[in-house]
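Below: the structure, in C-alpha cells.
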Amino acid sequence: VTVATRIYLASILSLGFSHCTEQSQVASQRMTGTAEENIENEVQVGEQTEDQPDPVTSSPIDPANVGAATEAAAAEALTTLALRSDLLDGFVNLQEHNNPAELLTGLSTEEFILIQYAVIADSIACDGAVQFSVDLPSMADPLLANAGTYKICIAFHKSESLIAYGASAGFVIDFTAPAFESVALVNAAADGLINSSEHLQHQAMLGNIEGSDISEAKYKLVPSASNCDEQLEYGIDIPASDSSDFAMDGGYKICLRLQDIAGNVSYAVSGGIALFRVSPTALLSGTPTGTNLVVSPDITVSGIDVSHYRYKVGLAAETDCGIVTAYSVEQATAIHITTSLSAIGDGVLKICVVGRNSEGNWQALDSATSATWTKDTTAPVFSSLALANAALDGIVTGTERALTTALGEHCLPVARPPANIDWSQA
Ligand SMILES: [Ca+2]
Ligand SMILES: [Ca+2]
C-alpha cells in the first residue's frame with residue numbers, strides 16, 4: 001500500500017464516519033415504537049441496504065458505500081439485541097428496578113472492533129455526542145434512579161473512526177404506586193350491613209374508586225382482622241353480597257390491590273361490612289282465648305330485637321302461616337293489631353305474625369308465631385218447647401200444684417218449687 005493510497009483510505013474512513021453519523025440519526029428516529037416495531041424497523045434497515053450496491057464488488061472506494069455497509073451491520077446487530085424481559089412492556093416499576101441486572105443481552109459483536117453503550121433520556125439523540133461505556137448498561141445506572149423515559153444508545157465501531165449508532169426502544173421509569181383516596185360501599189352494602197335476604201342477592205358491594213394512577217384494581221373480601229397485603233389472593237371481580245368469602249356472621253372488609261400501568265402496586269381497604277343474618281321471634285300478648293265474641297282485638301307484638309312485624313288473621317282452616325298471601329304490610333311494634341274480626345265468620349280463628357329486627361332480618365314464615373281461639377257471636381235459637389205432666393193440658397189445678405213433676409220436657413220449673421230455693425239467686 002502506497003502512502004498516497006493510505007491517505008486516500010484515511011479520507012474514505014473520515015467521510016464514511018460523517019456519513020454514517022447522519023444515517024444513524026435516521027435509524028435512531030426509526031426506533032421509537034415498541035420493541036417489536038423497532039425490530040421490524042431494524043429488519044427493514046437491513047433489507048433496504050441489501051438493495052444497495054455491494055460496496056466490495058461495485059465500488060470498494062466509494063465512501064458512501066463503506067458507511068452504508070457499517071450502518072447495515074449495526075442494524076443487523078441490533079436485531080440480535082434482547083432487552084431485559086421486564087423492559088419489554090415499556091415500563092420499569094419499583095420491583096423491576098430493585099433487581100439491578102443488565103438491561104440487555106445477546107448483541108452480536110462479530111462485525112465490530114468495539115461496541116459501547118449508554119443509557120440516555122429518550123429525548124436525546126443517540127450519536128457521537130453521547131458519553132459511552134464498554135460496560136453493559138444495568139438497572140443500577142444512576143440515571144435510572146429518576147422517573148422518566150430512557151433508551152439504550154449503542155455505538156458500533158467498525159474501525160477507530162467509522163462508527164454507527166443505534167438505540168433500543170424507549171422505556172419509562174416509574175416507581176410511584178397508585179394513590180388511593182376512597183371507595184364507596186354500594187347496593188346492599190351501602191349501609192355497612194348485609195342481612196339474610198341481601199346475602200341471597202348477587203350485588204356488587206363496591207363502587208367509585210377514587211385515586212390517581214390506578215390502571216387496575218383487584219379485590220378480596222376478608223374478615224376485618226385480616227391484613228390487606230400481597231399475601232391475599234385477589235380477584236378481578238368486585239365482591240358481591242352473596243360472596244362465598246362470607247362465612248360466619250361478623251365483621252368483614254374488602255381489600256383492594258391497586259396497580260398502575262408500570263406495575264407498581266399499593267393496597268387499600270374499604271369500610272367495614274357486617275354480615276348479620278340472625279332473625280328474631282315475635283311474641284304476642286292480648287290475643288283472644290278460648291271461645292269468645294271478640295271482634296275488636298288489641299294484640300301487642302313484642303320480642304327480643306323485634307322492631308317491625310307483618311300479620312294475617314282468618315279462619316284457621318283457611319289461614320296457613322307459611323304462605324305469604326294475605327300478610328299485612330310491615331308495621332312498627334308500637335302499633336297494635338286492632339283489625340276488626342267482624343267480617344270473619346264464627347269458628348276457630350288463627351293469627352300469624354312474623355317479626356323483623358332493625359337489621360332487616362325477618363322471622364321465617366314457616367316458623368311464624370301464631371295463636372288460635374274460637375269466635376262465637378251467635379245467640380241460641382229457640383224452636384219449640386212441649387208442655388208436660390200437670391201442664392200438658394195448659395192448666396195447673398190446685399191439686400196439680402202439689403206435684404213436683406216438671407211442667408215441660410226441658411228443665412222448666414216444677415209446679416211447686418222446693419221451699420228451700422232462693423229464687424233471688426236464679
Ligand atoms: Ca416492566
Ligand atoms: Ca344492607
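Worth saying up front: this structure is predicted, and the values here are computed from it rather than measured. Numbering of ligands and ligand atoms starts at 1, following listing order.
Between Phe246 and Tyr252, the two ring planes are perpendicular [angle over 60°; tilted spans 30° to 60°].
Per residue Asp191, closest N, O or S atom to the Ca ion (ligand 2): atom name OD1. Shortest distance from the Ca ion (ligand 1) to Asp86 is reached at O (N/O/S atoms only).
Among the backbone and side-chain atoms of Leu193, an N/O/S atom is found under 3.0 Å from the Ca ion (ligand 2). Counting backbone and side-chain atoms alike, Ala189 contributes no N/O/S atom closer than 3.0 Å to the Ca ion (ligand 2). For Phe91, the nearest N, O or S atom to the Ca ion (ligand 1) falls under 3.0 Å.
The main-chain N or O of Glu111 is found under 3.5 Å from a side-chain atom of Lys158 such that the two form a donor-acceptor pair.
Side-chain contact between Glu216 and Ile236 is present, with heavy atoms from C-beta onward closer than 4.5 Å.
In plain terms, the two heavy atoms of Lys312 and Ile323 that are nearest each other are NZ-O, 2.7 Å.
Annotation: ring pair (Phe, Tyr, Trp, His ring centres under 6.0 Å) contacts of Phe132 (sequence neighbours excluded): Tyr165.
Vertex the Ca ion (ligand 1); arms to Asp89 OD1 and Glu96 OE1; angle rounded to 10 degrees, 150°.
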